[in-house]
Novice: 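Following this message is one structure expressed as structure tokens.
A, B, ... follow the sequence lines: proteins, then strands. Residue 1 opens every chain. Because the structure is a prediction, the values reported are computed rather than measured.
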Amino acid sequence: MSENKILCNTDTVDLSIEDISEEFDKLKNIEDSKLSLNPENADSGLAKLVLTLIELIRKLVEKQAMRRVDGGLLTEEEIERMGETLMKLEDKMEELKKYFNLTDRDLNIDLGPLGDLM
Amino acid sequence: MGKMIYAILSNTNSDKLNALLFGMKGISGENLITVTFNEISAVVSHIKREELIADQASAIAFAGIIENIGQHFTLLPMRYGSMLESAELIQKMLEKNYSEFQQNLQKVENQSEFGLKVFCDSEKLKDEMRLKSETDDNPSVKSDEGIKKSVYLDYMNKKLKEHHLEEKLLNYIDVVIAEFTEKLTQLNAVSKIKKRCTATILIDAVFLLKKEKKDELVQVVKDSQNKHPELNYTLTGPWPPYNFVDINLK
């Protein structure tokens, strides 16, 4: 490019340059975060896809649950039951991630210009 | 052999355009030429399909060509890889989309795009908010207090606190956005803003405004930076209006 395009950049770095370059690396290595399905990895690729969708739905359910608790309309028993359900769902997700050797990062798809899925 | 399209622009000053393009090369080393329909032109170069490589160097070279032309003309930048088989097909494309090209050229006339990214470690920020709310004895967490002890209720308490912190963070981002958009409105800037894109990019925004208002934009960003030293701002530009061209090609 013909000129310096950075017009203003913070130097007071609470966030390290590594953190920022990590973001740029993410943009460069966007391929890594895409779901890749091929005959060799059909099992794990499908597991990643399915678990990503389940995790997204689980987080949405969790968020909605928190809103209901915040609304103050639930009894203590209802909140406790909700807690039990959400906790078991989270435990089950951890179990499945371990089984398929996936991390939280694997389930957070990079949607490019839209940002991360979760 | 196809034709790679770099940009669409008004050819009301065709002599100046031809003088600028004289000697300029496309990404495959071929000369840049124009294909014209009425008052608009497409800047193109010959390219073989097999020469079209989707790599970073080619994309940067492509953007550099658009950038050079954009310094002298208002243009609509095309996406890397936009190509048609012949000049006749390009001319037909210009004809079919003529009014949309004209409208978009008017919209971005003498304007440039600027990009702003605001970085911060959101977890660290949330930790600070957590500490502050604990010391302030914030009454907003009253719903936590109503929940008595049990494993599941403890779990709900923990989740509720995380939920409140996330909401506080989003409110804080909204305040930062509202502060600078208020000032940008005075500059007649058009904004597109996304918040909380990733764990570290809190705000990802693009602005379209008159080229001569660049310094005022820089000042708005610096003021916001001074007000929020915990955030890290990166403002870039001027760019061709990549995010403000709205055309569905027919």
Side-chain angles (χ1 to χ4, degrees), chain A residues 1-24 26-28 33 59 62-88 90-91 104-105 108 110-118, chain B residues 56 60 63-64 67-68 71 114-121 124-125 140 142-144 146-148 150-160 162-164 166-167 194-201 204 214-215 217-222 225 229-239 243:
Chain A
M1 302 280 144
S2 50
E3 57 182 307
N4 180 15
K5 292 290 188 183
I6 297 176
L7 300 172
C8 174
N9 194 16
T10 312
D11 290 321
T12 51
V13 186
D14 256 334
L15 185 76
S16 70
I17 196 73
E18 285 76 22
D19 291 326
I20 295 173
S21 61
E22 192 184 316
E23 290 299 329
F24 286 116
K26 251 177 88 180
L27 290 173
K28 278 193 270 180
S33 61
K59 290 216 165 150
E62 194 178 284
K63 196 163 264 189
Q64 188 56 28
M66 294 308 134
R67 286 195 181 131
R68 289 185 67 190
V69 175
D70 251 353
L73 298 171
L74 300 178
T75 64
E76 194 171 308
E77 290 79 57
E78 284 171 326
I79 295 173
E80 186 166 15
R81 277 184 57 206
M82 199 179 261
E84 184 180 0
T85 310
L86 294 176
M87 196 172 168
K88 284 181 176 170
E90 191 173 340
D91 289 347
D104 285 338
R105 199 184 167 114
N108 198 0
D110 187 334
L111 298 174
L114 298 175
D116 291 343
L117 179 67
M118 286 177 273
Chain B
Q56 196 181 34
I60 289 173
E67 171 76 29
N68 281 343
Q71 284 176 359
F114 296 86
L116 174 69
K117 277 188 170 34
V118 179
F119 297 91
C120 182
D121 182 341
K124 198 176 159 191
L125 201 57
S140 70
K142 63 178 171 27
S143 50
D144 305 355
I147 300 173
K148 305 266 178 335
S150 96
V151 179
Y152 303 129
L153 292 177
D154 277 351
Y155 176 82
M156 284 301 274
N157 252 330
K158 191 179 130 229
K159 287 286 171 188
L160 203 55
E162 286 171 13
H163 173 69
H164 287 154
E166 182 63 26
E167 286 199 328
K194 282 179 275 180
K195 59 179 181 181
R196 195 85 166 94
C197 301
T198 69
T200 50
I201 301 183
D204 188 359
K214 182 176 91 175
D215 293 340
L217 174 66
V218 172
Q219 195 53 51
V220 168
V221 172
K222 280 184 177 166
Q225 169 70 90
E230 65 281 12
L231 304 178
N232 295 282
Y233 291 62
T234 301
L235 178 69
T236 60
W239 302 105
N243 289 291

Novice: Between B:Lys159 and A:Val69, does the side-chain contact (heavy atoms from CB on, under 4.5 Å) criterion hold? Intermediate values first, please.
Specialist: CA-CA 11 Å; B:Lys159 287 286 171 188; A:Val69 175; over 6 Å; no
Novice: In Å and rounded to the nearest 0.5 Å, what is the CZ to CG distance from A:Arg67 to B:Leu160?
Specialist: 12.5 Å
Novice: When rounded to the nearest 0.5 angstrom, what distance separates NZ in A:Lys5 from CG in B:Leu235?
Specialist: 11.5 Å
Novice: Supply the atom-to-atom distance B:Tyr152 OH to A:Glu77 CD, rounded to the nearest 0.5 angstrom.
Specialist: 15.0 Å
Novice: Please round to the nearest 0.5 Å and tell me the distance separating atom CG of A:Asn9 and atom CZ of B:Phe119.
Specialist: 8.0 Å
Novice: Evaluate A:Met66 against B:His164 for side-chain contact (heavy atoms from CB on, under 4.5 Å), listing each step before the verdict.
Specialist: CA-CA 9 Å; A:Met66 294 308 134; B:His164 287 154; over 6 Å; no
Novice: Which bit of B:Tyr155 comes within less than 4.5 Å of chain A, counting heavy atoms only: side chain, backbone, both or neither?
Specialist: side chain
Novice: Look at atom NZ of B:Lys222 and say whether more than 12 heavy atoms of other residues, nucleotides or ligands are closer to it than 6.0 Å.
Specialist: no
Novice: Testing the basics here: between B:Met156 and A:Ile79, what is the closest heavy-atom pair and its distance to 0.1 Å?
Specialist: CG-O, 3.7 Å
Novice: If I measure from the heavy atoms of chain A, does B:Glu162 come under 4.5 Å with its side chain, its backbone, both, or neither?
Specialist: neither
Novice: Of all of B:Arg196, B:His163, B:Glu166, which one pairs up most often with chain A through heavy atoms under 4.5 Å apart?
Specialist: B:His163
Novice: Name the region of A:Arg81, side chain, backbone, both or neither, that has any atom closer than 4.5 Å to a heavy atom of chain B.
Specialist: neither
Novice: Shortest non-hydrogen contact from B:Val221 to A:Cys8?
Specialist: CG1-SG, 3.8 Å
Novice: Quick one: CD on A:Glu84 to OG on B:Ser150, what's the gap to the nearest 0.5 Å?
Specialist: 9.0 Å
